[in-house]
Amino acid sequence: MTAVLAVVDLVPSGSAVSYGDVAELLGAGGPRQVGAVMSHYGSSVAWWRVLRASGEAPPGHEVAALRHYMEESTPLYGAYEAFLRTGEGRWRVDLTAARWAPTDSGFDQLDVISDQLERQLHKMSVPDDEMTV
DNA sequence: ATTCTGACTTGCT
DNA sequence: AAGCAAGCCAGAA
């Protein structure tokens, strides 16, 4: 799960990714797994930058998320202002515009993260004496 | 081992 | 646009 959180940390302010994107970048698991992690440990990171593929904020946190989106000027659709005031109306994050495209350094980070994850999955501990293969 | 559940997705009405 | 069914993956019961 630390892997998921690590990926979320990579997403810059003003942009976002879907649960599925994270799973893909991670090269393991699926959207539901990412969602599960976020629901339990998401509070320690910028959770609002991970949302449904449709652009809807995480269930039960739409108001808090919207405040963040407005602060970060994340691309939005619809009557979000009205929603903030009255709680009525539909709105979404414009993922086609906000979706994060990993930078070069970002890819490097992702490699490291997915490596660690895989190692963890295989439950393989690296012998401290020889790591050369 | 089997069944259930969910901050998910996609495709089809 | 909105609802539904089926896939999907892991962890919990």
Side-chain angles (χ1 to χ4, degrees):
Chain A
M1 60 67 96
T2 56
V4 172
L5 299 180
V7 171
V8 178
D9 274 335
L10 261 36
V11 182
S13 171
S15 54
V17 293
S18 71
Y19 296 98
D21 290 339
V22 175
E24 197 171 322
L25 293 172
L26 225 40
R32 315 196 72 137
Q33 282 53 246
V34 175
V37 171
M38 291 308 283
S39 81
H40 296 303
Y41 312 94
S43 55
S44 60
V45 296
W47 53 268
W48 58 92
R49 294 178 193 155
V50 183
L51 60 180
R52 296 192 186 190
S54 61
E56 295 166 291
H61 300 267
E62 26 287 302
V63 176
L66 181 51
R67 292 212 182 87
H68 284 293
Y69 298 145
M70 295 184 75
E71 286 177 13
E72 303 183 354
S73 47
T74 302
L76 299 172
Y77 275 152
Y80 52 91
E81 299 178 321
F83 179 85
L84 205 51
R85 289 185 293 96
T86 70
E88 302 298 319
R90 312 180 184 75
W91 58 275
R92 313 270 197 80
V93 167
D94 180 1
L95 269 183
T96 69
R99 173 170 262 115
W100 176 54
T103 58
D104 290 329
S105 60
F107 280 121
D108 292 343
Q109 309 251 9
L110 290 171
D111 286 342
V112 176
I113 296 172
S114 54
D115 277 355
Q116 300 181 335
L117 174 59
E118 190 167 339
R119 201 170 303 142
Q120 188 178 315
L121 291 178
H122 293 189
K123 293 181 178 175
M124 308 200 303
S125 55
V126 180
D128 40 46
D129 41 79
E130 48 186 303
M131 314 211 322
T132 49
V133 183

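Lettering of chains follows the sequences in order, A, B, ..., and the numbering in each one begins at 1.
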**Report entry** Secondary-structure stems for DNA chain B, with pairs counted as Watson-Crick or G-U when both distances are under 3.5 Å and runs at least 3 long
**Finding:**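 If one scans DNA chain B for consecutive Watson-Crick or G-U pairs, the stems found are B:2-6 with C:9-13, B:8-13 with C:2-7.
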
Close side-chain approach of [X] to [Y], heavy-atom, < 4.5 Å:
X       : Y        : value
A:Leu84 : A:Met70  : yes
A:Tyr77 : A:Trp91  : no
A:Leu10 : A:Phe107 : no
A:Val11 : A:Val50  : no

Looking at [X] and [Y], what are the two nearest heavy atoms and their distance?
X       : Y       : result
A:Ala98 : A:Thr74 : CB-CG2, 4.0 Å
A:Glu56 : A:Leu51 : O-CB, 3.3 Å
A:Gly30 : A:Ala23 : C-CB, 3.7 Å
A:Ser44 : A:Leu5  : OG-CD1, 4.0 Å

Report task. Verify the neighbour count for atom CZ of A:Phe83: are there more than 12 heavy atoms of other residues, nucleotides or ligands below 6.0 Å? Result ->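 Above 12, so yes.
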
Requested in this report: Check whether more than 12 heavy atoms from other residues, nucleotides or ligands sit under 6.0 Å from atom CD of A:Glu72, and answer yes or no.
Outcome: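 Yes, because the 6.0 Å sphere around CD of A:Glu72 holds more than 12 heavy atoms from other groups.
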
Query - Test item: side-chain donor near acceptor, A:Asp21 and A:Ser18, under 3.5 Å - result: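 Yes, side-chain donor-acceptor contact under 3.5 Å.
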
Report task. Look up atom CE in A:Met38 and atom CH2 in A:Trp47, then write down how far apart they are to the nearest 0.5 Å. Result ->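 It comes to 8.5 Å.
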
Query raised in the report: Heavy-atom contacts under 4.0 Å between residues 52-76 of chain A and DNA chain B, which residues?
Result: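 Result for residues 52-76 of chain A: A:Arg52, A:Ala53, A:Pro58, A:Pro59, sorted by number.
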
Query raised in the report: Between residues 5-27 of chain A and DNA chain B, which residues have a heavy-atom gap below 4.0 Å?
Result: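 Listed by number, they are A:Ser18, A:Tyr19, A:Gly20.
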
Report task. Would you mind building the protein contact string for nucleotides 8-13 of chain C? One character per nucleotide, 5' to 3', B for base within reach (heavy atoms under 4.0 Å), S for sugar-phosphate only, - for untouched. Result -> BBS---

Pairwise N/O distances under 3.5 Å, protein to nucleotides 1-4 of chain C:
| residue | atom | partner | partner atom | Å |
| --- | --- | --- | --- | --- |
| C:dA2 | OP1 | A:Arg90 | NH2 | 3.3 |

Query raised in the report: Counting distance only, does the side-chain N/O of A:Ser114 pair as donor-acceptor with the main-chain N or O of A:Asp111 below 3.5 Å?
Result: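 Pair found, side chain donor or acceptor close to backbone of A:Asp111.
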
Check residues 57-69 of chain A and write down every donor-acceptor pair under 3.5 Å in which the side-chain atom is one partner and the other belongs to a residue at least two apart or another chain.
| residue | atom | partner | partner atom | Å |
| --- | --- | --- | --- | --- |
| A:Glu62 | OE1 | A:Gly60 | N | 3.4 |
| A:Glu62 | OE2 | A:Gly60 | N | 2.7 |
| A:Tyr69 | OH | A:Trp48 | O | 2.7 |

Query - side-chain contact (heavy atoms from CB on, under 4.5 Å) partner of A:Val8, chosen from A:Val17, A:Val34, A:Val45 - result: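 Testing each of A:Val17, A:Val34, A:Val45 against A:Val8, the sole residue satisfying side-chain contact (heavy atoms from CB on, under 4.5 Å) is A:Val45.
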
